[in-house]
Every structure is written in structure tokens, then in C-alpha cells.
Peer 1: 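Take this structure first; my questions come after.
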Amino acid sequence: MVNAIADTSFLIDWIRYSKSKLIFKLFNVIYIPENVLNEIKSERALIWVSEGLEEGGLAIFPELPEISREALDLVVRSRRVPVRPVDYPEAFCLVVGRRLNFTVLTENGGAIALKNYDPEYFGVEVLRGIDIIYRLWRLNHLNSFKDELELYQRETKHIYSRKDLVKYSDYLK
Amino acid sequence: MRVDADKIREWVEYFREAREIRRRYANWDFIRSQPLNVRIALEYYIETGDFRTAARIAGMGVDEFVDMAKDLAGIPSVG
């Protein structure tokens, strides 16, 4: 199994899902950068993270200067493009993903767009909640992709757009 | 960095659709009833999807702001 690194946008949504702990079946360890941990204040999120740390499914990723510098460069670069830019925490995760071959977990549109338009990041695996649910279903951890995606969207109050759903249209009929 | 203009156009449209969804689902009565900084933060979030800056404007933690936007202001995360 591979390692992953999660940003704030992913964690905020994912931990509202009643089957959120299933994610640990897909990854060896999910890292949470220090800068992401600093943004989490709600009881629900803190409990989810602390339980994950206790059980070993989560670990803290330290603020390494080399990665920080590259992440800041990426933030600046993304602001030259006329779509939503990436913020520092998402940029940090993308840089870790590229350098260490970690899967990046995000729901941040800026990060998802950058992976699509910036050639340096084409090779980074970026997954969202919908992709995780699909993989869990393919591995038989969930009974129905369609029903589970509906549950996920209802519980997390996350709506996937037409563009997002097209990729999975064959499995949503 | 060389960027594919067609891809950028697609993403501009993607973010426009996301903004329309946030506008449509928003509980505007709740938003208008909020203190000035929270109201402006929620409106900023609807227009941009930038939850981090919106949380700063509201003077709240990032996850606390997003939870409030979803559960009280009816604004889903989109995309």
C-alpha cells in the first residue's frame, strides 16, 4: 500500500462521512502536515485525527524547509494563471506528493486544477472523496458505489459537479 | 510554466458552475441575519470558494467556518 498526504479541504469533508475510517484500508499511512493540523479546531475533527494518530493510520508530516520553499514557489506560480490558485497547505501536499510519490488527498479546486494544467504535476496522484469511495467499492468494502456516493454527498454536504461525475457515469446508472 | 489555454478555459467554467451551485443552495435569510464580518465572509466564500480567507474574515477556525457554512448557511462544498 502507498502513503498519502491529506489537506484541510479533504479532512473537513471526509470526517463527516459515517464510514470515514474505511479510508485506512487504502493507505499504509495518511500524513497530515503540521500546517494542516494547525487549521483544525472543531471537536469532531480533533477527535478523528487524534484517534487516527493513536491507531497508527495517521501521522504528522513535519514542516521541512526545502518542501516549504518549493510550496511557496508553487503558490506564487499558481497565481499567474487565471483560475483559482493553490494556498500554501495544498501546495505543500502537492510538493510532498511529487517528491515522495505520495497520493494527495484534497477537495480543493485550486489543487485539482493545478495537477491538470501544470506539466510538473501531471504525474502526481490526486484523489478526492468520490475517488476514494470508488476505490473502496471496487475492493468490496462498500456494496454500492451509487448509493454510497449519495450518502457521502448527503452527510458531508459536498456536491460534485457534472464534470466530476462524468468520469464515473458508467457506474452511476 | 507553459499552460494549455483550452484546459484553463475548462477550469474557468468549472469554477463558474461551482459558484452557481453555492449561490443556489445558500440560505440567504441566515446570511443576511449575521454580524457584518460573518455575512461578508459567507458572501466571499460563495463567490470564490476560498474557505481559508473567508474563515479569517469571519474570525473563525477554518473547519469551524466550513461547518457553519454547510450546516447553518446551507452552502455546500462543490467540486
Peer 1: Checking B/K70 side chain against A/K157 main chain: does a donor-acceptor pair fall under 3.5 Å?
Peer 2: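 Side chain of B/K70 to backbone of A/K157: a pair is present.
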
Peer 1: Between B/K7 and A/N116, is there a donor-acceptor pair closer than 3.5 Å when you use the side chain of the first and the backbone of the second?
Peer 2: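 Present.
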
Peer 1: Chain A heavy atoms under 4.5 Å from B/V12: which part of the residue, side chain, backbone, both or neither?
Peer 2: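 B/V12 touches chain A through backbone and side-chain heavy atoms alike.
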
Peer 1: Sort B/T48 into side chain, backbone, both or neither according to what part of it lies under 4.5 angstrom from a heavy atom of chain A.
Peer 2: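 Contact with chain A is through the backbone of B/T48 alone.
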
Peer 1: Could you check whether any side-chain N or O of A/R84 sits under 3.5 Å from a backbone N or O of B/G49, counting only pairs where one atom can act as donor and the other as acceptor?
Peer 2: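 Such a contact is found between A/R84 side chain and B/G49 backbone.
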
Peer 1: Highest number of heavy-atom pairs under 4.5 Å with chain A: which of B/D71, B/I21, B/T53?
Peer 2: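 Looking at each option in turn, the highest pair count goes to B/D71.
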
Peer 1: Are A/P89 and B/R52 packed together at the side-chain level, in the sense that at least one heavy-atom pair is separated by less than 4.5 angstrom?
Peer 2: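 Yes. Closest side-chain heavy atoms under 4.5 Å.
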
Peer 1: Identify which part of A/L165 has an atom lying under 4.5 Å from any heavy atom of chain B, answering side chain, backbone, both or neither.
Peer 2: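 Contact with chain B is absent: no heavy atom of A/L165 under 4.5 Å.
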
Peer 1: Kindly indicate whether the side chain of A/R16, heavy atoms from C-beta on, has any atom under 4.5 Å from the side chain of B/V66.
Peer 2: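 Sidechains of B/V66 and A/R16: no contact.
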
Peer 1: Of the backbone (N, CA, C, O) and the side chain (C-beta and beyond), which part of A/P82 lies under 4.5 Å from a heavy atom of chain B, both, or neither?
Peer 2: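 Both parts, heavy atoms under 4.5 Å.
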
Peer 1: Within a radius of less than 6.0 Å around NZ of A/K21, do more than 12 heavy atoms belonging to other residues, nucleotides or ligands occur?
Peer 2: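 Yes, NZ of A/K21 has more than 12 neighbouring heavy atoms, counting only those of other groups under 6.0 Å.
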
Peer 1: Taking C-beta and beyond as the side chain, do B/R22 and A/I159 meet within less than 4.5 Å on heavy atoms?
Peer 2: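 Contact flag for B/R22/A/I159 side chains = no.
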
Peer 1: So, do B/D63 and A/E39 sit near enough that their side-chain heavy atoms are less than 4.5 Å apart?
Peer 2: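 Not in contact.
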
Peer 1: Counting only non-hydrogen atoms closer than 4.5 Å, does A/R162 touch chain B with its backbone (N, CA, C, O), its side chain (CB onward), both, or neither?
Peer 2: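 Its backbone and side chain both get close to chain B.
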
Peer 1: Taking the side chain as every heavy atom from C-beta outward, state whether B/E13 and A/K163 have any pair of such atoms under 4.5 Å apart.
Peer 2: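 No, side chains not in contact.
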
Peer 1: A side-chain contact here means heavy atoms from C-beta on lying under 4.5 Å apart; do A/D164 and B/Y14 qualify?
Peer 2: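 When only atoms from C-beta onward are counted, B/Y14 and A/D164 do touch, with a gap below 4.5 Å.
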
